[in-house]
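Chain letters run A, B, ... following the sequence lines, proteins first and then strands; every chain starts at 1.
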2 protein chains.
Amino acid sequence: MTFRIGYLVFPDITQLDLTGPQQVLARVPGAEQLLIWKTREPVRSESGLMLIPDITYADCPPLDMICVPGGPGMNALLTDADTIAFLRRMAPKAKYVTAVCTGSLVLGAAGLLKGKRAATHWAAMEFLSSFGATAIDERVVVDGNVITGGGVTAGIDFGLKVAAEVAGEQMAKAIQLMVEYDPDPPFDNGHPRSADPAVLAMLRERMQPMQTQRAAQVEAAAAKLR
Amino acid sequence: MTFRIGYLVFPDITQLDLTGPQQVLARVPGAEQLLIWKTREPVRSESGLMLIPDITYADCPPLDMICVPGGPGMNALLTDADTIAFLRRMAPKAKYVTAVCTGSLVLGAAGLLKGKRAATHWAAMEFLSSFGATAIDERVVVDGNVITGGGVTAGIDFGLKVAAEVAGEQMAKAIQLMVEYDPDPPFDNGHPRSADPAVLAMLRERMQPMQTQRAAQVEAAAAKLR
């Protein structure tokens, strides 16, 4: 039996939002994983890594699971009619509707998070309520068939949680052991709650232009849902 | 100032060995990251994700840092004359000689780990001594200018450690916060020391054919070094 997973890809995606879950879920029995975009031309991720779409929105077959990764390029997707229409068309047929990092906001813009609990990147938490969702500060949030992960590296925790849902705990544990997910960060600086205040302040300042653009895009997308 | 990082890519690479560090190190000031292989045709990773080499062995400029990721396809590299010659040619000019996961064995086969302490995937630890290296069961091992990471997801810890070396602790902490590396694995099954014994036994059995092939390749590569 095939378990077909489709990931949106787009210019300025944060590639680890996608490559974390893609690595973990590759070992789920029957997994077939597709990268989906408007065209099949390679797209450049935020970090410079090129990703090759497997299929277009127009040609995409039904998906058992849809996953929207995040990244700076996500801002443009919030008001992108093709992307929103694609998600609205695919989601009702999917067994799982999912996102990692700021990809959650795109699910929100498609109206798929109304009344749902959801995770996202810490810097995007404030925007979830605009889409009728409740922001939850956890690595992975499961609300019915909607599964969302926190920022970037949370995609690995997300992938393992999905693997357990789809293929059982023993399989998820085997995958965790294969990818040696026994993390030991060299610093305790992975979340605002523990971060060095000076580092957090510096990042918030540097992210301000992107956040301002994001706020405007969220507002525009939310207005369309009303 | 440019800090040029080159990652080997090859068929059946474990993409997360590469994409973890690539994401983390993209934010090091001046970072220029290249994927290197024999040709510029896209290569298929173990999980199916396609990777596009930026440059060939023949055309690669000097690197500040060379990094060899691992994966099942690494077995073939151990006795691949082009790859071994490339590493031997590039390493003396590089500021850092590095590997993640089973990529460490390829450094070993190139004679670059003699007398060094090194990390690798838990299932490959037994092979490091064949190359004159001492296997260390840690996420990241720094021995002079040789920096090696453990299995797959250890590439993220590795990337942060390298970022701290290259750009200082504050920068590494900022990157950690950006990628929200505040891990919370859903299971405590990421290393043989904590793994469910049944899961470990199942994996060891499933990996046996690859391990047998690996042992033969290690032996052939080590014989060339003697």
Side-chain angles (χ1 to χ4, degrees), chain A residues 14-16 19-20 22-27 32-33 35 42 46-52 101 121-122 138-140 150-154 156-157 160-161 164 169-170 172-174 176-196 198-200 202-203 206, chain B residues 14-16 19-20 22-27 32-33 35 42 46-52 101 121-122 138-140 150-154 156-157 160-161 164 169-170 172-174 176-196 198-200 202-203 206:
Chain A
T14 294
Q15 55 88 351
L16 192 54
T19 52
Q22 200 274 356
Q23 183 70 55
V24 168
L25 294 172
R27 288 179 186 271
E32 177 192 323
Q33 303 196 93
L35 308 194
E46 172 204 10
S47 68
L49 190 87
M50 302 299 291
L51 296 167
I52 310 178
C101 194
H121 190 283
W122 59 262
E138 287 174 13
R139 294 289 278 180
V140 190
V152 196
T153 57
I156 297 170
D157 304 273
L160 290 170
K161 195 95 171 185
E169 277 206 8
Q170 288 299 93
K173 287 180 175 176
Q176 184 181 358
L177 188 52
M178 269 310 286
V179 299
E180 205 170 323
Y181 190 44
D182 181 43
D184 184 19
F187 312 105
D188 180 17
N189 208 79
H191 190 279
R193 89 174 78 81
S194 61
D196 177 333
V199 170
L200 179 59
M202 184 266 283
L203 266 193
R206 196 190 296 175
Chain B
T14 295
Q15 55 88 353
L16 192 53
T19 53
Q22 201 273 355
Q23 182 72 53
V24 168
L25 294 171
R27 288 177 186 272
E32 177 193 321
Q33 303 197 92
L35 309 194
E46 173 204 9
S47 67
L49 190 86
M50 302 300 291
L51 296 167
I52 309 180
C101 193
H121 190 284
W122 58 264
E138 286 174 12
R139 294 288 278 181
V140 191
V152 195
T153 57
I156 296 169
D157 305 272
L160 290 169
K161 194 95 174 186
E169 276 205 9
Q170 287 299 92
K173 286 179 176 175
Q176 183 182 358
L177 188 51
M178 270 309 288
V179 299
E180 205 169 322
Y181 190 43
D182 181 42
D184 185 19
F187 312 104
D188 181 15
N189 209 78
H191 190 278
R193 91 175 78 79
S194 61
D196 178 331
V199 170
L200 179 59
M202 182 267 282
L203 266 194
R206 197 190 295 175

Exercise. Could you check which of A/V199, A/V179, A/L200, A/V24 has the highest count of heavy-atom pairs closer than 4.5 Å to chain B?
Key: A/V179
Quiz prompt | Summary of salt bridge (Lys or Arg N to Asp or Glu O under 4.0 Å) pairs that have at least one residue in residues 177-193 of chain A, sequence neighbours excluded | solution = A/D182-B/R193, A/R193-B/D182
Exercise. Please look at B/L16 and chain A and tell me whether the side chain, the backbone, both or neither of the residue comes under 4.5 angstrom of a heavy atom of that chain.
Key: both
Practice problem: Output yes when a side-chain donor or acceptor of B/Q176 lies under 3.5 Å from a complementary backbone atom of A/P185, and no otherwise. | Solution: no
Self-check item: chain B contact via A/L25 - side chain, backbone, both or neither, heavy atoms under 4.5 Å
Solution: neither
Quiz item: Taking B/M202, B/K161, B/H121, B/M50 one by one, which has the highest count of heavy-atom pairs under 4.5 Å against chain A?
Solution: B/H121
Quiz prompt | With sequence neighbours excluded, residues passing salt bridge (Lys or Arg N to Asp or Glu O under 4.0 Å) with A/E138 | solution = none
Quiz prompt | B/F187 versus A/L160, closest heavy-atom pair with distance | solution = CE1-O, 4.4 Å
Exercise. Determine the minimum heavy-atom distance between A/P192 and B/L177, stating which atoms define it.
Key: N-CD1, 3.6 Å
Quiz item: Looking only at atom types and distance, does a side-chain atom of A/Q23 sit under 3.5 Å from a main-chain N or O of B/Q15, one as donor and one as acceptor?
Solution: yes
Quiz item: When heavy-atom pairs shorter than 4.5 Å are enumerated against chain A, which of B/R206, B/Q33, B/E46, B/E32 gives the highest number?
Solution: B/E46
Quiz item: If you tally heavy-atom pairs under 4.5 Å against chain A, which of B/A198, B/A172, B/S47 wins?
Solution: B/S47
Exercise. Answer whether the closest heavy-atom distance between the side chains of B/M178 and A/V152 falls below 4.5 Å.
Key: no
Quiz item: Do B/P42 and A/I52 come within less than 4.5 Å of each other through their side chains, counting heavy atoms only?
Solution: yes
Practice problem: Could you tell me which of B/G151, B/S194, B/A26 has the largest number of non-hydrogen atom pairs under 4.5 Å with chain A? | Solution: B/G151
Quiz item: Is any side-chain heavy atom of B/L35 less than 4.5 Å from a side-chain heavy atom of A/L49?
Solution: yes
Quiz prompt | Portion of B/A174 that has a non-hydrogen atom of chain A nearer than 4.5 angstrom | solution = both
Self-check item: Heavy-atom proximity to chain A below 4.5 Å, by part of B/D196
Solution: side chain
